Amino acid sequence: MLDIQILRSDLAGVAKRLADRGFAFPEDTFKDLEARRKSVQTETQELQAQRNQLSKQVGQLKAKGEDASRLIAQVNAQADRLKALEQTLEKLQKDMEDFLLGIPNVPHAGVPVGRSAEDNPEVRKAGAPRKFDFPVKDHVDIGEGLKLLDFDAAIRITGARFTLMKGGLSRMHRALAQFMLDFHTREHGYTEVYVPYLVNADSMVGTGQFPKFQEEQFAVTADNLFLIPTAEVPVTNIVRGQILAEADLPLKFVCHSPCFRREAGSYGKDTRGMIRQHQFDKVELVQIVHPARSYEVLEELTGHAEAILKRLDLPYRVVTLCTGDMGFSAAKTYDIEVWLPAQNTYREISSCSNFEAFQARRMQARFRNEKHKAEFVHTLNGSGLAVGRTLVAILENFQNADGSVSIPEALRPYMGGTTVLTAS
């Protein structure tokens with residue numbers, strides 16, 4: 001959530017920066033809410049001052065033994081009006097909060113202006129795409145050819161955009177998650193956490209999924225709970241409503257979880273295979289940091305996610321998302337895109353974002369600074385990595401002419417020493 005003080009002091013500047021990301025800030029609505037709030041607040045303060053003065057006079061009259069009934073009647077009348085004003089002010093403040101919950105974050109000054117993914121500048125590349133001397137297959141043909149990937153069964157069991165894996169492919173999927181968790185805890189100092197896969201509405205509001213993206217979530221309506229779209233939601237909400245000690249920062253969490261998304265706005269996109277699914281696994285990195293360090297940490301966290309691809313010998317590139325392609329809550333985002341030979345292009349496998357205080361303000365997540373005052377933390381997260389898309393990248397980049405798939409060396413200890421994935 002945006003800091004309302006910034007809107008009050010630089011409304012035009014904020015509106016212009018939000019316009020860069022394609023969002024038309026409703027200035028008239030904000031001004032109307034502000035004007036009504038000011039009017040009610042001013043009247044409330046004036047009445048409170050008058051009541052205090054009358055109460056003082058009542059006390060003086062009573063001390064002298066004089067009749068104070070007329071002044072007491074005035075005080076009582078003002079009390080009724082004050083109560084009504086306080087209720088109106090409370091509603092206006094709630095209306096303002098609801099209004100602000102629908103406003104995206106302001107892009108950092110260093111974010112390039114653009115309209116779509118076509119405008120995302122490349123930061124760096126690593127690894128060279130492999131040159132094949134045989135016809136390249138996509139992950140669907142590879143997995144089905146090995147009889148380890150069964151989309152028809154998944155459709156019978158549930159429906160479209162679900163996957164059923166078998167044998168060595170299931171083991172590789174599990175091995176990838178374990179490898180990523182071990183790597184981030186041992187090499188990068190993250191604390192592994194296990195979290196609920198169902199969260200309440202307050203948690204979804206805290207990280208920015210609600211109210212903007214409520215229609216994209218799977219809901220357990222009888223219990224007013226929601227399946228997590230990413231471990232970012234429960235992990236970041238660990239600090240909701242907390243005031244941390246400055247010495248406790250940074251907090252670094254890593255979590256493996258399934259993720260559930262309705263993909264409500266993606267009809268017709270990536271219908272083949274495992275790229276866009278209703279259920280998929282991710283290893284998520286979350287950091288809760290001092291505001292002065294958040295952009296330094298963004299570079300660090302992005303490097304942590306990249307390190308997985310380097311260990312797996314998968315070619316990739318990093319791009320900076322432009323203003324028009326950024327997520328709702330982010331102030332700045334790097335996308336890491338892995339090379340997929342069958343598509344002859346790079347596809348997103350991780351987004352690493354700095355949300356600054358946007359999520360913290362929604363969650364009321366703070367720390368005591370050196371002056372012992374409560375200050376909002378900054379939150380960051382990134383996939384380290386999306387497990388299913390990493391599996392897809394391995395199948396396509398490590399495929400062999402005979403239909404088998406070589407297993408990356410870093411993954412072999414997690415596969416019992418197996419070097420090649422073959423039909424079960």
Side-chain angles (χ1 to χ4, degrees), residues 1-31 33-34 96-123 204-217 229-230 232-233 236 261 263-266 269 276 291 294-295 297-299 301-302 317-337 346-348 350-363 376 378-383:
M1 188 162 62
L2 295 184
D3 183 352
I4 195 170
Q5 299 303 329
I6 295 177
L7 289 171
R8 289 169 178 165
S9 64
D10 186 22
L11 180 59
V14 171
K16 180 183 182 303
R17 199 66 181 131
L18 288 174
D20 287 340
R21 63 178 301 164
F23 181 83
F25 185 86
E27 292 186 56
D28 289 344
T29 301
F30 177 77
K31 290 176 180 177
L33 283 169
E34 272 288 271
M96 179 62 82
E97 181 180 340
D98 291 343
F99 170 80
L100 292 175
L101 287 174
I103 308 299
N105 203 353
V106 176
H108 182 267
V111 173
V113 176
R115 294 185 178 183
S116 69
E118 300 300 317
D119 301 316
N120 295 338
E122 183 178 286
V123 178
M204 295 291 249
V205 170
T207 44
Q209 278 72 27
F210 284 6
K212 177 71 173 176
F213 305 106
Q214 190 158 350
E215 76 284 353
E216 295 186 16
Q217 314 307 323
T230 163
E232 167 199 347
V233 179
T236 310
R261 298 183 187 177
E263 296 288 354
S266 64
K269 296 180 182 177
R276 196 179 297 272
S294 64
Y295 279 95
V297 172
L298 176 60
E299 303 297 327
L301 186 147
T302 304
R317 70 172 187 164
V318 179
V319 300
T320 303
L321 295 196
C322 68
T323 52
D325 198 33
M326 286 172 52
F328 177 82
S329 300
K332 183 175 182 179
T333 299
Y334 292 117
D335 265 11
I336 304 173
E337 300 176 343
Y346 292 94
R347 294 298 304 268
E348 178 201 336
S350 174
S351 283
C352 301
S353 300
N354 184 358
F355 305 101
E356 297 183 354
F358 188 84
Q359 292 180 327
R361 191 170 284 108
R362 297 165 79 102
M363 296 187 299
F376 289 113
H378 280 194
T379 62
L380 303 94
N381 71 47
S383 302

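Just so we're clear, the structure is a prediction, and the values are computed from it rather than from any experiment.
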Q | Interatomic spacing from CE in M1 to CD in Q359 - rounded to 0.5 Å | A | 12.5 Å
Q) What's the shortest heavy-atom distance between F99 and L33, and which atoms? A) CB-CD1, 4.0 Å
**Q.** Least distance between heavy atoms, F355 atom then L380 atom
**A.** CD1-CA, 4.1 Å
Q. If you take all heavy atoms of H378 and S294, which pair is closest and at what distance?
A. ND1-OG, 2.9 Å
Q | Listed partners of L11 passing side chain to side chain contact (heavy atoms under 4.5 Å, CB included), at least two apart | A | L7, F25, E27, F30, K31
(Q) I'd like to know if the side chain of S9 and the backbone of I6 have a donor-acceptor N/O pair within less than 3.5 Å. (A) yes
Q: Enumerate the residue pairs fulfilling side chain to side chain donor-acceptor pair (under 3.5 Å) with a member in residues 11-20, sequence neighbours excluded, ordered by first and then second residue.
A: R17-D20
Q | Test side chain to side chain contact (heavy atoms under 4.5 Å, CB included) applied to Y346 - qualifying residues, sequence neighbours left out | A | K125, P129, R317, E337, W339
Q: Mark yes or no for whether S350, through its side chain, and S383, through its backbone, hold a donor-acceptor pair below 3.5 Å.
A: yes
Q: Can you see which heavy atom on L2 is nearest to which on L18, and at what distance?
A: CD1-CD1, 4.4 Å
Q | Spacing of CG belonging to N381 relative to CG belonging to L301, to within rounding of 0.5 Å | A | 7.5 Å
Q.
I'd like to check I103 versus F23 (side-chain heavy atoms, cut-off strictly below 4.5 Å). Are they in contact?
A. yes
Q) For N105, what residues pass the side chain to side chain donor-acceptor pair (under 3.5 Å) criterion, not counting sequence neighbours? A) none
Residues 106-117, side-chain donor-acceptor partners within the protein, below 3.5 Å, at least two apart:
from: H108; atom 1: ND1; to: G110; atom 2: N; distance (Å): 2.9
from: S116; atom 1: OG; to: E118; atom 2: N; distance (Å): 3.3

(Q) Please give me the minimum heavy-atom distance between E356 and Y295, naming the atom from each residue. (A) OE2-OH, 2.5 Å
(Q) For a quick test of reading the model, state the closest non-hydrogen atom pair linking I336 to T302 and the distance between them. (A) CD1-O, 3.8 Å
Mind listing the side-chain donor-acceptor pairs of residues 204-214 below 3.5 Å, one per line with the distance, residues two or more places apart or on another chain?
from: T207; atom 1: OG1; to: S203; atom 2: O; distance (Å): 3.3
from: T207; atom 1: OG1; to: Q209; atom 2: OE1; distance (Å): 2.5

